[in-house]
K.L.:
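Below: one structure in structure tokens.
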Amino acid sequence: MLSQRTKQIEESATLAMAQKARQLIEQGIDVISLTLGEPDFPTPKHVKQAAIQAIEAGLSDHYTNATGIMPLKQAIIDFHQTFDDVSYSVKDVVVGTGAKHILYVLFQTIIEKGDDVLIPTPYWVSYSEQVRLAGGQCLFVKTTIDTDYKVSVKQLDEAYTSNTKALILNSPTNPTGSVYSKEELQEIGEWAVKHNVLIIADEIYYRLVYGNTQSICIASLSERIQQNTVIINGLAKSFAMTGWRVGYALSKREDIIYGMSQIISHETSNLTAVSQYAALEALSGTQQVVEEMRRAFEQRLNIFYDKIKTIPGFELAKPKGAFYLFPNIKNTLELTGYTSVNKFVEDLLEEAHVAVVSGDAFGDDECIRMSYAGDIERLLEAASRIRAFVEEKISQRES
Ligand code: PMP
Ligand code: GLU
């Protein structure tokens, strides 16, 4: 019964692992879930108030323009002009049901059978499956801890084929937390322009950077690069609005924006109206709560990273953005006698009651991903459970 399309993809590992943890919690087991990249903060109050007012005023009762209401498009443009110094107009914006949906629509719009898409690994789990669903092929480009998990132009050159249509560039990166510098983005941007490879810049974590790290919007670097880029963004992460499902694309490529609009018009009609009014307030209202949440993530990073980095065998650089740790645990496997990360992850959940996601799903089978977007006390408890689990396995092996 199932189509080939469906058979070739895997379920989202992040959602699957989160569900597994939830089931154990429902059985009364005290599981700490570090699976989902989801802020534990409530959506800011003023945003909820705006949504309630929109409902009461009857603004959420009907369909809206398929690609979003005009005031929201204008707010998105103003926001990016302020934070990224990049100019767009309302015809360059498509709003959809989360960045995940927007990416899906984008791939459906541009990919044809036989097209290649460059994806630096480790990468966010849905890129590969969405490219495949659109009939494209993934050209994975491996990055490692030695280069701070960033791809170089040399690597892109080596991986490039005449069928290469697009490059997915996610900075700050999920799962590694790497952030590309202005110079690196400039080089990659020029390379993509030269090779006529569309840049898909997933900047969903762009407000979540720490220390003196700056997040640069690749489209701000030159007009040529902007013309060759689709920016993907959304409100889930920085505004604690995962449940509202607001995502959008910005691009000067009229053909792409038009294609995406057509698909959305047949697919969802529009992002839920009430979410659009909430997003409008989030982007145009005070940014104070957003900054407070960013500071809280930074504090969690500092505390959690210090605890995790000294667990025997864990190897990781301190992330500069997003809210994940992605340690390479190859040495831990050797010390503990495990032969696969998947088995380690399984036992960690069953025995220590800590849920993490295996690096496999992100294209790196030596790593695990832990989200530190949750409560600090629980993070500390998780870190001591993981340490105790590893130390116990090592001592069992030695005795
Ligand atoms: N891109 C990246 C890199 C992500 O981590 C996520 C996680 N949700 C998304 C896109 C999709 O975000 P949304 O919740 O807006 O669909
Ligand atoms: N993006 C988040 C994550 O990586 C949410 C889950 C998902 O959409 O994959 O955990």
Side-chain angles (χ1 to χ4, degrees), residues 9-22 33-41 43 68 76 94-107 117 119-131 149 167-180 200-209 215 218 230-250 264 267-268 271-272 275-276 278-279 282-283 297 319 321-326 345 355-364 367-374:
I9 61 161
E10 303 269 343
E11 178 186 9
S12 162
T14 46
L15 300 193
M17 200 58 190
Q19 178 57 17
K20 209 166 172 182
R22 250 181 243 128
S33 180
L34 308 178
T35 54
L36 274 188
E38 170 159 69
D40 63 336
F41 300 111
T43 297
I76 290 169
V94 176
V95 177
T97 310
K100 190 182 268 185
H101 172 233
I102 282 289
L103 279 162
Y104 179 84
V105 172
L106 174 60
F107 294 129
V117 178
I119 307 180
T121 69
Y123 59 90
W124 176 50
V125 292
S126 293
Y127 295 149
S128 53
E129 307 313 83
Q130 292 197 352
V131 166
Y149 289 112
L167 158 69
I168 304 177
L169 201 61
N170 174 217
S171 176
T173 310
N174 176 4
T176 60
S178 299
V179 180
Y180 285 78
I200 299 174
D202 181 347
E203 299 181 352
I204 195 157
Y205 296 98
Y206 80 139
R207 301 255 65 82
L208 299 175
V209 284
S215 161
I218 193 165
V230 179
I231 295 179
I232 304 293
N233 217 317
L235 278 71
K237 314 294 175 176
S238 333
F239 292 89
M241 288 178 69
T242 47
W244 300 81
R245 313 301 306 125
V246 188
Y248 54 89
L250 284 169
I264 287 181
E267 200 189 36
T268 51
L271 164 65
T272 317
S275 289
Q276 296 191 49
L283 292 169
F297 290 133
F323 37 51
Y324 308 100
L325 297 187
F326 196 64
V345 166
V356 300
V357 188
S358 168
D360 241 5
F362 302 88
D364 191 326
C367 296
I368 55 173
R369 194 193 75 168
M370 296 179 276
S371 163
Y372 61 84

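Numbers for residues simply follow the sequence, beginning at 1. For ligands, and for the atoms within them, numbers begin at 1 and follow the listed sequence. Just so we're clear, the structure is a prediction, and the values are computed from it rather than from any experiment.
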K.L.:
For Gly96 and Leu271, work out which heavy atoms get closest and say how close.
P.N.:
O-CD2, 3.7 Å
K.L.:
Within the structure, is a non-hydrogen atom of Glu38 found at a distance of less than 4.0 Å from ligand 1?
P.N.:
no
K.L.:
Answer side chain, backbone, both or neither: which part of Tyr324 comes under 4.0 Å from ligand 2, heavy atoms only.
P.N.:
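Within the 4.0 Å criterion, Tyr324 contacts ligand 2 through side-chain atoms alone.
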K.L.:
Considering non-hydrogen atoms only, spot the tightest contact between Glu38 and Ser371 and give its length.
P.N.:
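For Glu38 versus Ser371, the nearest heavy atoms are N-OG, 4.4 Å.
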K.L.:
State, to 0.1 Å, how close Asp40 and Ala373 come at their nearest heavy-atom pair, and which atoms those are.
P.N.:
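Smallest interatomic distance, heavy atoms only, reads OD1-O, 3.1 Å.
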K.L.:
Would you say Lys100 has any N or O atom under 3.5 Å from an N or O of ligand 1, going by distance alone?
P.N.:
yes
K.L.:
For atom 5 (C) of ligand 2, which candidate among Glu38, Lys237, Arg369 provides the closest heavy atom?
P.N.:
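Closest candidate by heavy-atom distance is Lys237.
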K.L.:
Is the shortest heavy-atom distance from the side chain of Asn174 to the side chain of Tyr127 under 4.5 Å?
P.N.:
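Of all side-chain heavy-atom pairs linking Tyr127 with Asn174, none is under 4.5 Å.
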K.L.:
Heavy atoms only, cut-off 4.0 Å: how does Leu36 contact ligand 2, side chain, backbone, both, or neither?
P.N.:
both
K.L.:
Would a distance-only check, ignoring hydrogens and angles, find a side-chain to backbone donor-acceptor pair under 3.5 Å from Arg369 to Thr35?
P.N.:
yes
K.L.:
Report yes or no: does Ser178 contribute a side-chain atom to a donor-acceptor pair with the main-chain N or O of Thr173 at less than 3.5 Å?
P.N.:
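Judged by distance alone, no pair lies under 3.5 Å.
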K.L.:
Quick one: nearest non-hydrogen protein atom to atom 1 (N) of ligand 1, plus distance?
P.N.:
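Protein heavy atom at minimum distance: Asp202 OD2, 2.6 Å.
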K.L.:
Please state which part of Asn174 comes within less than 4.0 Å of ligand 2, counting heavy atoms only: side chain, backbone, both or neither.
P.N.:
side chain
K.L.:
For residues Val357 and Phe362, determine if any side-chain heavy atom of one lies less than 4.5 Å from a side-chain heavy atom of the other.
P.N.:
yes
K.L.:
Run the numbers for me: atoms of ligand 1, each under 4.0 Å from some heavy atom of Gly98, listed by number.
P.N.:
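Ligand 1 atoms under the 4.0 Å threshold to Gly98: 15 (O), 16 (O).
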K.L.:
Checking Glu129 side chain against Glu10 main chain: does a donor-acceptor pair fall under 3.5 Å?
P.N.:
yes
K.L.:
Name the closest protein heavy atom to atom 7 (C) of ligand 2, giving the residue it belongs to and the distance to 0.1 Å.
P.N.:
Thr14 OG1, 3.5 Å
K.L.:
Please confirm whether the backbone N or O of Asp202 pairs with a side-chain atom of Asn170, one donor and one acceptor, at under 3.5 Å?
P.N.:
yes
K.L.:
How far is atom 12 (O) of ligand 1 from its nearest protein heavy atom, and which residue and atom is that?
P.N.:
Ile204 CD1, 3.4 Å
K.L.:
Please classify the Leu15 to ligand 2 contact at 4.0 Å (heavy-atom distances, strictly less than): side chain, backbone, both or neither.
P.N.:
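Side chain only.
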K.L.:
Counting from 1, what ligand 1 atoms have a heavy atom of Asn174 closer than 4.0 Å?
P.N.:
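Atoms satisfying the 4.0 Å criterion: 3 (C), 4 (C), 5 (O).
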K.L.:
Distance-only, no hydrogens or angles: does the Gln130 side chain make a donor-acceptor pair with backbone N or O of Tyr104 under 3.5 Å?
P.N.:
yes
K.L.:
For ligand 1, is any non-hydrogen atom under 4.0 Å from Tyr127's backbone (N, CA, C, O), its side chain (CB onward), both, or neither?
P.N.:
side chain
K.L.:
Considering only protein heavy atoms, which is closest to atom 8 (O) of ligand 2, and at what distance to one decimal place?
P.N.:
Lys100 NZ, 2.9 Å
K.L.:
Is it the case that the ring center of Phe323 lies less than 6.0 angstrom away from the ring center of Tyr205?
P.N.:
yes
K.L.:
Where is the tightest heavy-atom contact between Ser215 and Pro172, given as atom of each residue plus distance?
P.N.:
OG-CD, 4.1 Å
K.L.:
Around atom 16 (O) of ligand 1, find the nearest protein heavy atom and jot down its residue, atom name and distance.
P.N.:
Arg245 NH2, 2.7 Å
K.L.:
Taking side chain as C-beta onward, heavy atoms only, is Trp244 less than 4.5 Å from Leu235?
P.N.:
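Sidechains of Leu235 and Trp244: no contact.
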K.L.:
Of all the non-hydrogen atoms in the protein, which one sits nearest to atom 15 (O) of ligand 1, and at what distance?
P.N.:
Ala99 N, 2.8 Å
K.L.:
Is the closest heavy-atom distance from Ala236 to ligand 1 below 4.0 Å?
P.N.:
yes
K.L.:
Where is the nearest protein heavy atom to atom 7 (C) of ligand 1: which residue, which atom, and how far?
P.N.:
Lys237 NZ, 2.9 Å
K.L.:
Identify the closest protein heavy atom to atom 9 (C) of ligand 1: which residue and atom is it, and at what distance?
P.N.:
Trp124 CH2, 3.4 Å
K.L.:
Taking only heavy atoms of Asn170, which atoms of ligand 1 are found under 4.0 Å from at least one of them?
P.N.:
3 (C)
K.L.:
Could you tell me which atoms of ligand 1, counted from 1 in the order shown, lie closer than 4.0 angstrom to a heavy atom of Tyr205?
P.N.:
3 (C), 4 (C), 5 (O)
